[in-house]
Amino acid sequence: MATPRKKAVQPTIAAAKVAIREAIRGIPRGAIATYGEIAARVGLPKYARLVARVLSQSGADDVPWHRVVRAGDRIAFPRNSDGFVRQRARLQSEGHTVSANGQIVAARRASDLDQQLWGNYF
DNA sequence: ACGATGACGCACA
DNA sequence: GTGTGCGCCATCG
């Protein structure tokens with residue numbers, strides 16, 4: 001064969017990053033998703049940290065980063081950080097109720113919305 | 001190669 | 001509810 005030497009499984013992680021970005025981009029306005037949910041969504045349940053890394057690497061307007069929160073529907077940033085304030089403001093502008101500590105009240109999660117759409121819910 | 005780090009998650013005290 | 005420990009994975013010094 002022309003290429004007896006195979007390349008390593010490098011595309012795996014690269015493809016995962018793309019899939020993660022697409023998943024985040026798929027979060028509708030007014031809804032949120034956790035890091036773990038996004039990871040599970042792309043078939044990598046244990047890659048929550050990779051989701052965080054992708055976000056930090058992606059451009060600000062590349063993906064709706066503010067719709068990605070930590071497990072328990074709370075903002076991942078420290079309270080006094082600039083990111084915290086900005087994310088809280090954006091979430092509130094999208095109709096969410098965010099406590100001062102970053103806890104999102106009665107969050108409309110993308111996963112729930114998805115389940116609600118696909119499941120017969122009349 | 002190795003230890004430290006990070007926009008994480010979960011169990012437990 | 002808070003603090004600590006461990007697992008998990010890619011990246012960095």
Side-chain angles (χ1 to χ4, degrees):
Chain A
M1 309 303 261
T3 59
R5 183 186 303 176
K6 297 296 284 268
K7 222 51 182 303
V9 273
Q10 192 72 25
T12 302
I13 183 63
K17 290 181 179 178
V18 176
I20 288 170
R21 295 203 338 169
E22 289 300 316
I24 296 174
R25 196 173 299 175
I27 304 173
R29 189 183 185 279
I32 61 171
T34 65
Y35 294 86
E37 255 300 326
I38 295 172
R41 175 110 181 163
V42 299
L44 300 169
K46 300 174 181 178
Y47 281 64
R49 292 195 109 145
L50 183 61
V51 176
R53 181 162 288 282
V54 169
L55 274 178
S56 64
Q57 290 177 352
S58 298
D61 295 320
D62 209 0
V63 293
W65 58 270
H66 58 283
R67 295 176 190 156
V68 184
V69 296
R70 210 167 170 171
D73 298 338
R74 46 202 176 89
I75 296 177
F77 289 108
R79 261 187 88 180
N80 56 346
S81 71
D82 194 37
F84 177 94
V85 176
R86 212 160 40 189
Q87 182 168 16
R88 179 166 183 254
R90 296 187 88 144
L91 287 174
Q92 286 177 146
S93 71
E94 292 194 351
H96 290 287
T97 303
V98 187
S99 306
N101 62 349
Q103 175 68 53
I104 301 175
V105 182
R108 208 170 88 190
R109 295 175 28 200
S111 57
D112 292 343
L113 185 63
D114 195 36
Q115 199 170 16
Q116 196 170 335
L117 288 174
W118 281 91
N120 39 355
Y121 208 93
F122 295 89

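No hydrogens, no waters, no symmetry mates; every other heavy atom, side chains included, goes into these values. In the text below, chain A, chain B and the rest are named by the order of the sequence lines, each starting its count at 1.
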Hey, what do you get for OG1 (A:T97) to CD (A:Q92), rounding to the nearest 0.5 Å?
8.0 Å
For the pair made of CG in A:L50 and P in B:dA7, what is the distance, rounded to whole Å?
13 Å
How far does the P atom of B:dA7 sit from the matching atom of C:dC6, given to the nearest Å?
22 Å
Rounding to an integer number of Å, can you tell me how far A:Q57 CD sits from C:dC12 C1'?
12 Å
Mark yes or no for whether A:R88, through its side chain, and A:Q103, through its backbone, hold a donor-acceptor pair below 3.5 Å.
no
Can you check each nucleotide of nucleotides 8-13 of chain B against protein heavy atoms at under 4.0 Å and return B for base, S for sugar-phosphate only, - for none, in 5' to 3' order?
BSS---
Please tabulate, for the side chains in residues 13-34 of chain A, all donor-acceptor contacts under 3.5 angstrom to protein atoms that are two or more places apart in sequence or on a different chain.
residue : atom : partner : partner atom : Å
A:R21   : NH1  : A:D62   : OD2          : 2.6
A:R29   : NH2  : A:S93   : O            : 3.3
A:T34   : OG1  : A:E37   : N            : 3.1

Is A:K17 close enough to C:dT11 that one of its side-chain N or O atoms is under 4.0 Å from OP1 or OP2 there?
yes
Here the pair of heavy atoms bringing A:W65 nearest to A:F77 is CZ3-CE1, 4.3 Å
Rounded to the nearest angstrom, tell me the gap between atom CD1 in A:I20 and atom P in C:dA10.
10 Å
Spacing of NE2 belonging to A:H66 relative to CD belonging to A:Q87, to within rounding of 0.5 Å:
8.0 Å
Rounded to the Å, how far apart are A:D82 CG and B:dA7 C1'?
13 Å
Can you tell me the distance, in whole Å, between the CZ atom of A:R53 and the C1' atom of C:dC8?
13 Å
Please state how far atom CD1 in A:I75 lies from atom P in B:dA7, giving the value in whole angstrom units.
15 Å
For A:K46 and C:dC9, give me the distance from atom NZ to atom C1', rounded to whole Å.
11 Å
Correct closest heavy-atom pair for A:I104 and A:H96 would be CG2-ND1, 4.1 Å
